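Remember, it's a predicted structure, so these values are computed and weren't measured experimentally. Just the heavy atoms: all of them, side chains too, but no hydrogens, waters or symmetry mates, feed the values below. Heads up: numbering here begins at 1 and tracks the sequence.
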Amino acid sequence: MAISLKPSEVSDILLGQLQDMKNDLRFEEIGKALQVSDGVVRIYGLDHAEAGELLNCGNGVMAVVMNLEADNVGAVLMGPTDLLKEGMVVRRTGRIASVGVNDKVLGRVIDPLGNPLDGLGPVEGEKLDMPLERKAPGVIFRQPVSEPLQTGLKAIDAMIPIGRGQRELIIGDRQTGKTAIAIDTIINQRQAFEAGDPVYCIYVAIGQKGSTVASIVKTLREHGAMDYTTVVAATASDPAALQYYAPFAGAAIGEYFRDTGRHALVVYDDLSKQAVAYREVSLILRRPSGREAYPGDIFYLHSRLLERAARIIDQQEVAARMNDLPAVLKDKVKGGGSLTALPIIETQAGDVSA
């Protein structure tokens, strides 16, 4: 039996179908992995990728763009290499590599991308994305260092006092107590925390054994120091890229406290291992090498990291120069905060020049 439809019914059906149609278009720039080797992926097709941009390689692995070449992009993997293979699709995320920060990161152990490592669940609350790589405050934004940071070690506090906003290198051979000085300094900030003038501490463990990091966290917990401390860990078993970016993540977390008008202390333990990780990544990316196979910009690597430690000007002056701040901080900025850095360098048998 033939079904008879009125013209008006046909138009109603067509109109209903047209109204239910979804025409949401989403454009994605995708590329293909040309080569995957030793923590580095070369990608063809990402013509508009930016330096330092986060890429999604699939299988939960992220990568950060480091080389921009004529016909391909070189990126370092922030996860295991064996999950990727040649020909896989790589997508741009459109955002620069960053770490999500809020006050809830205190007391936590995280990796350089902000993922928790302590088994206490995700870091809760709304987080600000602080870029890992960021220009250091200019001379105009700084104010003189005038307030001391008490380390709790009388010899240091009496003879070579450290100010809030300063950088002070701890250098020496292995097993000479470099980490002990830094940990004692963090524990000593308990007094300032209880007095209501806290110095928020960030301990960055680079290329250390997981058991060593766990024992340091245990020591900090026993002394009640984890109430105001964040541990950023990139252990020896992590990819070289994570070890390279760990100090930048520590600096970004410290800048969050500094730019919201508070005081922070960041310990880089140690930058020798970061330099080795950077050398590894650079050689695989085929960058030209210099003395001891380190790339030529190894000095710039550490200077641009340490220059981010500063004591910055107060609220009114910051408001007058808002353009230099990340957009995420513009409504939260107070100014007048400081970031103090204690970098640690391990020498080989007293060879300070190396």
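- Under the 4.5 Å side-chain heavy-atom criterion for Ile, Leu, Val, Met, Phe, Trp and Tyr, L84 and Y44 are members of distinct hydrophobic clusters.
- T81 places a side-chain heavy atom less than 4.5 Å from the side chain of V36.
- Between the side chain of R262 and the backbone N or O of V199, no donor-acceptor pair lies under 3.5 Å.
- Put simply, I96 and L305 are part of two different groups of oily side chains (I, L, V, M, F, W, Y) that touch within less than 4.5 Å, one to the next.
- T93 places a side-chain N or O within 3.5 Å of a backbone atom of L54 that can act as its donor or acceptor partner.
- Between the OG1 atom in T151 and the CG atom in L342 there is a gap of 9.0 Å [rounded to 0.5 Å].
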Item to complete: Please test E126 against N102 for side chain to side chain contact (heavy atoms under 4.5 Å, CB included), starting from the C-alpha separation and ending with a verdict.
Response: CA-CA 7 Å; E126 185 185 353; N102 61 16; 5.8 Å; no
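- A distance below 6.0 Å separates the ring centres of F257 and Y200.
- Using a 4.5 Å heavy-atom threshold, the side chains of V73 and R42 count as separate.
- For the residue pair S146/R311, the side-chain donor-acceptor check at 3.5 Å is satisfied.
- A donor-acceptor contact shorter than 3.5 Å is absent between the side chain of E86 and the backbone of A33.
- Listed by first and then second residue, the ring pair (Phe, Tyr, Trp, His ring centres under 6.0 Å) pairs that reach into residues 263-282 are Y244-Y278, sequence neighbours excluded.
- Rounding to the nearest 0.5 angstrom, the gap separating the CD atom in Q150 from the CD1 atom in I156 is 11.5 Å.
- Although no hydrogens or angles enter the test, the distance criterion places no donor-acceptor pair under 3.5 Å between the side chain of T176 and the main chain of G172.
- Checked against V266 for a side chain to side chain contact (heavy atoms under 4.5 Å, CB included), the options V232, L339, L306, T340 give a single hit: L339.
- In this structure, E124 has no salt bridge (Lys or Arg N to Asp or Glu O under 4.0 Å) partners at least two apart in sequence or on a different chain.
- Here the closest heavy-atom approach between residue P295 and residue S282 is recorded as CG-OG, 3.6 Å.
- Side-chain contact between L120 and R108 is present, with at least one heavy-atom pair separated by less than 4.5 Å.
- Of the possible polar contacts, one joining the S272 side chain to the E346 backbone as a donor-acceptor pair under 3.5 Å is found.
- In K127, the NZ atom is crowded: over 12 heavy atoms of neighbouring residues, nucleotides or ligands sit closer than 6.0 Å.
- Panel note: side chain Q243, backbone A240; no donor-acceptor pair is recorded below 3.5 Å.
- Minimum heavy-atom separation, V40 to L77: N-CD1, 4.3 Å.
- L271 is connected to I171 through a chain of hydrophobic side-chain contacts under 4.5 Å among Ile, Leu, Val, Met, Phe, Trp and Tyr, so both are in one cluster.
- No donor-acceptor pair under 3.5 Å is formed between the side chain of D259 and the backbone N or O of Y256.
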Anything under 3.5 Å between a donor and an acceptor, one on a side chain of residues 209-220, the other on a protein residue two or more places apart or in another chain? List them.
unit_1 : atom_1 : unit_2 : atom_2 : d
S215   : OG     : T212   : O      : 2.8
K218   : NZ     : E222   : OE2    : 2.9
T219   : OG1    : S215   : O      : 2.9

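- Rounded to the nearest 0.5 angstrom, E168 CD and I162 CD1 are separated by 5.0 Å.
- Rounded to the nearest 0.5 angstrom, L265 CG and R258 CZ are separated by 14.0 Å.
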Item to complete: Test S289 against L283 for side chain to side chain contact (heavy atoms under 4.5 Å, CB included), laying out the working first.
Response: CA-CA 7 Å; S289 55; L283 289 172; 3.9 Å; yes
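- A pairwise comparison of heavy atoms in I284 and D38 identifies CD1-O, 3.3 Å as the closest pair.
- Side-chain atoms of E307 never come within 3.5 Å of backbone atoms of H302 as a donor-acceptor pair (strictly under, hydrogens ignored).
- Proximity of a side-chain donor or acceptor of D157 to a complementary backbone N or O of G152 within less than 3.5 Å is detected.
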Worksheet item: Would L153 and I181 count as a side chain to side chain contact (heavy atoms under 4.5 Å, CB included) if you check the C-alpha gap in whole Å, the side-chain angles of each, and the deciding distance to 0.1 Å?
Response: CA-CA 8 Å; L153 298 157; I181 290 175; 3.8 Å; yes
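- Side-chain contact between L149 and Q189 is present, with heavy atoms from C-beta onward closer than 4.5 Å.
- Using modelled atom types, one finds a donor on one side chain and an acceptor on the other under 3.5 Å when comparing T179 with D269.
- Both L117 and I206 belong to a single network of hydrophobic side chains, linked directly or stepwise wherever heavy atoms of I, L, V, M, F, W or Y lie under 4.5 Å apart.
- Side chains of R287 and N67: a donor-acceptor N/O pair is present below 3.5 angstrom, by distance only.
- Atom CG of D184 and atom CG of N188 lie 8.0 Å apart (nearest 0.5 Å).
- The two atoms that bring R190 and Y228 nearest to each other are N-OH, 3.0 Å, heavy atoms only.
- Using modelled atom types, no side-chain atom of D297 and backbone atom of Y300 make a donor-acceptor pair closer than 3.5 Å.
- Salt-bridge formation is detected for the pair E133/R304: a Lys NZ or Arg NE/NH1/NH2 atom is positioned less than 4.0 Å from an Asp or Glu carboxylate oxygen.
- The cluster map of Ile, Leu, Val, Met, Phe, Trp and Tyr, joined by side-chain heavy atoms under 4.5 Å apart, puts L68 and I30 in different clusters.
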Fill in: D227/R221 under salt bridge (Lys or Arg N to Asp or Glu O under 4.0 Å): CA gap, chis, key distance, verdict
CA-CA 8 Å; D227 294 343; R221 281 220 166 91; over 6 Å; no
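- A heavy-atom distance below 4.5 Å is found between the side chains of M226 and T229.
- A 4.5 Å side-chain heavy-atom check between E255 and R308 finds at least one atom pair inside the cut-off.
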Worksheet item: Between R164 and D197, does a salt bridge (Lys or Arg N to Asp or Glu O under 4.0 Å) hold up when you go through it step by step?
Response: CA-CA 12 Å; R164 292 186 183 183; D197 181 26; 3.2 Å; yes
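- For D47 and R92, the salt-bridge test fails: no basic side-chain N is under 4.0 Å from an acidic carboxylate O.
- The two residues L83 and N59 come nearest to each other via the heavy atoms O-ND2, 2.6 Å.
- Of all non-hydrogen atoms in L132 and F248, the two that sit nearest each other are O-CB, 3.5 Å.
- For the atom pair CD1 (I110) and OG1 (T230), the distance works out to 6.0 Å, reported to the nearest 0.5 Å.
- In this structure the side chain of R91 never reaches within 4.5 angstrom of the side chain of L55, judged on heavy atoms.
- I312 places none of its side-chain heavy atoms less than 4.5 Å from the side chain of Q143.
- Ion pair R95/E53 not flagged as a salt bridge, since none of the NZ, NE, NH1 or NH2 atoms sits closer than 4.0 Å to an Asp/Glu carboxylate oxygen.
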Worksheet entry | Check against side chain to side chain contact (heavy atoms under 4.5 Å, CB included), D270 and I345 | CA-CA 6 Å; D270 62 276; I345 292 283; 6.0 Å; no
